[in-house]
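Take a look at the structure below.
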Amino acid sequence: MAVVEVADKIDTIYALATPSGRSAIAVIRVTGTSIPKKLLEKLSLQKNSRGCFVRKIDLGDYSDKCLVLNFPAPESYTGEHLIEIHCHGNPVIIADVFTLLDGYGVEEASPGDFSKRAYLNGKVSLDEAESLMLGIQAQNKNDLISLEKFRSGDLGQKIFNISNSLESLLVALESQLDFSDEDGVSDLERNEIAKNIEQILHDLKRLLKNYRPIRDLEARQRAVIIGPPNVGKSSLFNRLLKEDIAIVSNTPGTTRDVVRKTIVMEGIELEVNDTAGIRNGETLVEQEGIEKSYKALDGAEISIWVSDQESNFKNKPKTDLLVMNKIDLFEGRTIPKGWIPLSAKTGEGMNVLVEELIKKLNVEESVFYTSERVYGNIEKTVKTLSASSNEKDFYEINAQNARDALILLKEIYGDFDNEKILDQIFQKFCIGK
Amino acid sequence: MNNKFDLIVIGGGHAGVEAAVAGRRMKLDVALITLDQEKIGRMSCNPAVGGIGKTHLAREIDALGGVIAEATDLSGIQFKTLNKKKGPAVQALRAQTDKNLYEKTIQSFINEFGIHVIEDEVEDFCEKNNKIISARGKRGEYFGKSFVLTTGTFLNGSILIGSKKVDGGRIDEKKSTGLERYFLSKDVTLGRLKTGTPPRLSKKTINFRGLEEQPGESGLYMSFLGQKNQHPQQTICHITRTNPETHKIINRDIKKSAMYSGLISGVGPRYCPSIEDKIVRFSEKKDHQIFLEPEGIDSDWMYPNGISTSLPKETQEEYVQSIKGFENAKILQYGYAVEYDYIDPRNMSKDLLFKKSDNLYLAGQINGTTGYEEAGAQGIIAGINASLNVLGKEKWVPQRSSSYLGVLVDDLTKFGVSEPYRMFTSRAEHRLLLRQENADERLFESAKKLNLLSEERIEAFHQKQRKKQKVLVSLRGNSINLTGKKVTLYDLCKRSDFSEQDVFKLNPDNTSEFTAVYYDAKYSGYVKKQEREIEKMKTLDDFSLGLIFDYQEVVGLSGELKEKLNYHKPQTLLDASKIEGITPAALNVITIHAKKIDAIRS
């Protein structure tokens, strides 16, 4: 396995592989083509002995008993020599291990460095690198399932099939152009070609429908809680979060900024926004907060209007869900149709709200993810192939479009070769006077 | 006799002629050395010029002041537009020529241009520091500043009929030898290609009754000079077909064909198979079409296009007579295959300079192509550049984006050939823009700068442009109301809901150039796309690959590409894109690799 060697580059890098903060164990990874000898001595590791070792690492005034995993090159994630140090998950210990590594000339990695090296050293392909990226960004179980399909080359096969049809179309069209004077080539009707293109476009559009580019994945779905002041929006927010994040008080107008938090419901990630109460605010600060509340609605997948009474609110925006809060205070009263009765305080009715939220969330079972590059090329292919002509130049316009479309599709996984088109024409038709 | 010239062209075929004419247009003293001056401009294969893709080349040669199109107009006995039911980008004018009249016309051009014709066989070059000083022939030595070599099928040519193999570049003509030593001394391996011809029949022994007739059209001209060169008397052609009996005879004797007996090692063109090949490869086909092309108005020779062969003479006689109309046909010349040496065109740079020499240019079949138009196209490029070399000026390389000439030299020098190379419109990625009707426009600036155009041609060009301008002004200046919006007629040309006829009727100021302008407008979107691609190329040029030291590290490239890239060590992505076999996908991978290295370093 070849290993990248670039003059002057930083060779050995380290990074914390587990989330920062307090935890039972923290994992620090170190990788490089030549990890400093002194560091290996410090960890009592033989360069080429693959395995798992218990080591008491001296951190100056104290020591930490760590598990050290040694992966000699090239059988490692990055393809380079890689060491994992599993120390105890105390930020102080972690910081001291970092200091120790710094002392040996090892530098802290930038985000993505480990994967970058894995890619450069041939441990992962471009496709895998793309799916790896997706894996980290995946936000629900469906994303992960769809990734599996991406990794297994499902989309690749589909694109391959479509480019085959496109290639046959181009062969047919080209034979009508360069060899129309040949006896061996029979005329191909326009509607035959049009039908062919229609089918290919249909297949491509289905891909566009069933797959989504990563860019959509980065933007997680959002629900905004909005309503008049002091109706219990923050209580509802906290109930959803099942922890105290927002400031909850009885004085109207305390949530001036939008508070955001991400929750996971039945495997789906959802960002919930708590907003300031809407009314004609008395102070400038409150006015600003109200404006922010309205703004938070832009682009949100779900909006939840919370109130504690049915009164007509002048500035009520159109929302997806209507919640009647504080039912514990007004027992036995009639709930208007279309409203979800609940008590953020007791949790009564929350299950109904969660059910409604999940229903509204955009989770199509059949949607799979692909990289933006692949998706973009499919989009461009559709656009290219859609332009047609009804005139004399019908054949060459469609040939040009089919050719350009094929180049776009082939760019995804392979390459375009005009010789292959000619080859097929000569195989299929008896050309030559 | 004077034996010192500026430019020496060796070979008097279609490549040599255009090279010599270009040299004279550029005011050089030019010598044309050929085996037999009576055969300058001879059509060794079928008596026709043009075809889809080929006409595009012929018109481009014409736009550069070449002679192929004018000679065709002066000797054409039938003209026809191919792909008439399709759009202008793939339409092509094809002409049947009077073979004799064609070569006489070419010979009179050579004479008029004041080209020194020398009959001799060049056997060697005298060279000093990669610069050729002289060409040594059997009869003398010829000194020149620059040389164009066009050997056609004569370099180590052999003629094959059945089991007989004789030396020669054309039937009953000797081959040329000696020059291969020059290339071998340069460490260049010669490849072998083959081509074939059908038996030629005596017109008066053919029974035309009952054969399908193919009439021509009037008012069509190959050259942009149009009516200046009037056609001779016109004629009609005929079509007949082979039948199961013909196939039975050929199948019976297939092993006797030079093609199938193992006598031939050269690779023949896929698009021009022999009748043996057609019958073997498409055995399900019960008959094959044969075009009967007269070699001249007064000539008794007929060229039955579609039955080229290397079967023995007796079999040729038998199968010919099994064909309708040929029952009593007499063969004037038997069909034969010809094998010849060629040089891998990757040994040439895009100006067709042989890379291992400072002043030797190669054109035509020696570069692995087939066809008069392909030969002429290279001839004019080689002639222009050999002349520029003499004048000490920068070379001229036609571009893919603006001409089939560019497609031709780019394909040849980048990919080499695996069979005799023929032009097809599908080879041009900007096909919609490279039309036979606008070849003059596409090459005018270059041609003018290179001093290739006579006053007459410049005037003809401007006259056409004035006609186009008139239409354009009218299309831009007039508009109609469409659902409350004003739309210019020019913009209507781009819409699929308006036909050419619709716009024509709406346009108040029309000339004979309407169609050309209409399609210029209609395809303007493709011009923009092309410009974007050229722009993209520039970006590629700005992308440095200097940091990639070893392509073995680049994941996702084939072993072959890695080796090529390591060999060439391209400085920029553009350099890399020019390496043979590099695909867009490969460029993508290289780009990502370069970016990652960059990222690691920074």
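Just so we're clear, the structure is a prediction, and the values are computed from it rather than from any experiment. So that the names make sense, note that chain A is the first sequence line, chain B the second, and so on, each numbered from 1.
- In this structure, OH in B:Tyr523 is found 5.0 Å from CD in A:Glu396, a value given to the nearest 0.5 Å.
- With sequence neighbours excluded, no residue forms a side chain to side chain donor-acceptor pair (under 3.5 Å) with B:Lys194.
- For B:Lys84, the part lying under 4.5 angstrom from a heavy atom of chain A is the backbone only.
- If you measure heavy-atom distances from B:Lys86 to chain A, the contacts under 4.5 Å come from both the backbone and the side chain.
- The CG atom of A:Asp393 sits 10.0 Å away from the CZ atom of B:Arg435 when rounded to the nearest 0.5 Å.
- Residues passing the side chain to side chain contact (heavy atoms under 4.5 Å, CB included) test with A:Lys383: none are found, sequence neighbours excluded.
- Electrostatic pairing of B:Lys522 and A:Glu391 counts as a salt bridge here, judged by a charged N lying under 4.0 Å from a carboxylate O.
- When heavy atoms are compared at a cutoff of 4.5 Å, B:Tyr303 does not approach chain A at all.
- Within the 4.5 Å cutoff, the side chain of B:Asn83 has no heavy atoms near those of the A:Tyr395 side chain.
- For the atom pair OG1 of B:Thr425 and CZ of A:Phe179, the computed distance is 8.5 Å after rounding to the nearest 0.5 Å.
- Looking at every heavy atom in both residues, A:Leu177 comes nearest to B:Ile52 through O-CD1, 3.2 Å.
- Both the backbone and the side chain of B:Glu500 come within contact range of chain A, each with at least one heavy atom under 4.5 Å from a heavy atom of that chain.
- Atom CE of B:Met423 sits about 10.0 Å away from atom CG of A:Asp178, to the nearest 0.5 Å.
- B:Arg431 has a carboxylate O that lies under 4.0 Å from a charged side-chain N of A:Glu174, or vice versa, which qualifies the two as a salt bridge.
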